[in-house]
Amino acid sequence: MSTTTFTFASRMAHLTGSPLRENAKRAMTAKDTISFAYGYPATEAFPMDTLRKISNKLYTEYDPNVFLQYAPSEGYAVLRRLIKERLANNADIRSDDDVLIVSGSTQGMDLVVKVLCDPGDVVLCEDQTFSGAVKAVQSYGAVPMPVPMDLDAQSVDLDALEHMLSTTPNVKMMYLIPTFQNPLGTSMPLEKRKAVYELARKYDIVIFEDDPYGELLYFGDPIAKMKSFDTDGRVIYSGSFSKVLAPSTRLGFLMANDELMRKLVLAKQVADSHSNYYWQVMLAEFMLHYDFEGHVEYLKRLYRERVKAMMAALDRIPQTMLRYIRPTGGYFIGCRMADDIDPDTFYDIIADRHVAVIPGDVMSVTGHGYERDFRLNFTRPSIEEIDRGIGIIGEALEQARITEPSDIENSCRSGREPVLAGAR
Ligand SMILES: Cc1ncc(COP(=O)(O)O)c(C=O)c1O
């Protein structure tokens with residue numbers, strides 16, 4: 001019998017498997033695992049009764065050609081209009097740019113990179129960021145380049161950004177998560193957003209504003225989206241219904257300038273013709289007749305309680321061992337352990353005790369340099385799990401403390417300045 005030789009395309013060279021590190025995987029195998037790892041919604045977040053009612057309505061009252069037939073690539077016209085109205089009413093985004101429905105914001109990023117980037121082009125990103133976006137960039141042979149974060153300012157370091165823009169050839173785009181950043185939980189202040197926009201203007205590059213968490217504000221006032229003050233059509237705004245409805249709908253959207261939109265639609269036709277129409281019609285019905293805004297308010301109440309519980313539990317851990325950034329919304333809290341804690345020992349202990357987190361290196365653009373950082377998700381675990389799991393994290397930090405000064409030096413393998421994460 002002959003065997004087949006597969007010679008893979010060079011674009012696959014950068015794509016590796018699951019970003020979960022071994023310790024998280026190990027922790028996840030136990031039944032009693034407390035997972036702060038994945039960015040999943042809570043089980044209670046799914047509006048089962050409403051979805052059942054809308055689904056029944058579709059199958060009894062709707063023409064099946066509306067939701068079961070092949071359909072336009074741009075998406076369901078009613079849903080696109082409703083999304084534009086929501087952006088105007090809820091986020092003050094009153095752009096003339098059009099909306100394209102995509103199969104999750106994951107596909108939105110894929111299409112944008114496909115349309116804009118040649119191999120070798122550079123995409124600037126926050127130094128710790130969503131690994132799916134990094135992989136999308138790499139899959140087209142483009143190069144994701146990390147911009148250092150100024151954690152105290154909850155922003156990319158503007159001097160470093162300008163330096164990179166002025167010295168790096170072929171920068172095409174900046175990929176940013178300005179609101180409730182993944183994994184850090186930071187939100188870029190308005191003046192920083194405006195300064196980044198001005199730099200993008202000066203160097204004539206595009207900004208991809210990824211905003212899947214933006215609706216989930218728990219404390220304080222919302223900060224204007226970059227898209228809301230985009231006068232040039234250089235901001236591509238990306239939204240998702242994974243975090244406010246259900247990830248399996250695979251529904252997201254892009255708002256982009258017309259010239260760009262024409263290319264995105266062509267790329268979308270090649271990719272999958274159109275996104276799932278059953279879910280597009282379900283969502284439009286939800287928005288029109290079943291109080292979608294009330295559902296989002298419910299989610300905010302649910303998750304506000306969880307993030308408060310997590311912050312209260314983290315506050316019981318001395319700052320000399322752990323610091324974290326207090327998020328005002330979203331799904332995550334970014335943590336950093338002190339220099340006298342051995343990260344490997346810490347990750348081993350929590351894995352043995354069945355607590356899973358995402359280590360910073362997994363979310364680092366380069367894959368290293370952030371072993372002292374880790375990300376906690378607070379939306380999926382219950383309040384009881386949050387209390388118990390953070391308690392275990394506190395004990396593990398204590399046990400992973402290094403007492404010999406020479407050991408501290410050895411454990412500082414990242415080579416980064418040992419600055420602590422921003423204010424608690
Ligand atoms: C910042 C960011 N962008 C995009 C996504 C992907 O979302 P979607 O489910 O819409 O593809 C995620 C998911 O975790 C995310 O954190």
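Computed from a predicted model, the values in this text were never measured in an experiment. Read the numbers this way: they start at 1 and go in the same order the structure lists the ligands and their atoms.
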Worksheet item: At what distance, to the nearest 0.5 angstrom, does CD1 of Ile223 lie from CG of Leu217?
Response: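 So the gap between those two atoms works out to 8.5 Å.
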Discussion item. Any atom of ligand 1 sitting under 4.0 Å from a heavy atom of Tyr213?
Written reply: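 Yes, Tyr213 has a heavy atom closer than 4.0 Å to ligand 1.
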Worksheet item: Does ligand 1 have an atom that lies less than 4.0 angstrom from a heavy atom of Gly252?
Response: no
Show the atoms of ligand 1 that are less than 4.0 angstrom away from any heavy atom in [X].
X: Ser240; value: 8 (P), 10 (O)
X: Asn182; value: 15 (C), 16 (O)
X: Pro212; value: 1 (C), 2 (C), 3 (N), 15 (C)
X: Lys243; value: 13 (C), 14 (O)
X: Gly104; value: 10 (O), 11 (O)
X: Ile177; value: 1 (C)

Worksheet item: Regarding Lys57 and the six-membered ring of Tyr62, is the cationic atom NZ or CZ under 6.0 Å from the ring centre and inside 45° of its axis?
Response: no
Worksheet item: Looking at Tyr40, does the NZ or CZ of Arg380 lie under 6.0 angstrom from its six-membered ring centre and within 45 degrees of the ring axis?
Response: no
Side-chain H-bond candidate by donor/acceptor type, [X] with [Y], under 3.5 Å:
X: Ser364; Y: Thr366; value: yes
X: Ser187; Y: Thr179; value: no
X: Gln128; Y: Asn182; value: no
X: Lys268; Y: Gln107; value: yes

Worksheet item: Considering only protein heavy atoms, which is closest to atom 11 (O) of ligand 1, and at what distance to one decimal place?
Response: Thr106 OG1, 2.6 Å
Practice prompt. Distance to 0.1 Å, residue and atom name: give those for the protein heavy atom nearest to atom 9 (O) of ligand 1.
Written response: Ser242 OG, 2.5 Å
Practice prompt. Determine the interplanar angle of the Tyr218 and Phe180 rings, folded into 0 to 90°, and report it as parallel if under 30°, tilted if 30 to 60°, perpendicular if over 60°.
Written response: parallel
Worksheet item: Can you say whether the rings of Phe286 and Phe292 are parallel (under 30°), tilted (30 to 60°) or perpendicular (over 60°)?
Response: perpendicular
Discussion item. Test of understanding: given a 4.0 Å heavy-atom threshold, classify the contact between Arg250 and ligand 1 as side chain, backbone, both, or neither.
Written reply: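 Only the side chain of Arg250 comes within reach of ligand 1.
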Worksheet item: Taking heavy atoms and a distance under 4.0 Å, where does Ser105 meet ligand 1: side chain, backbone, both or neither?
Response: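 Both the backbone and the side chain of Ser105 come within reach of ligand 1.
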Fill in: Heavy-atom nearest option to atom 1 (C) of ligand 1, drawn from Asp110, Asp210, Leu251, Asn377
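The nearest heavy atom belongs to Asp210.
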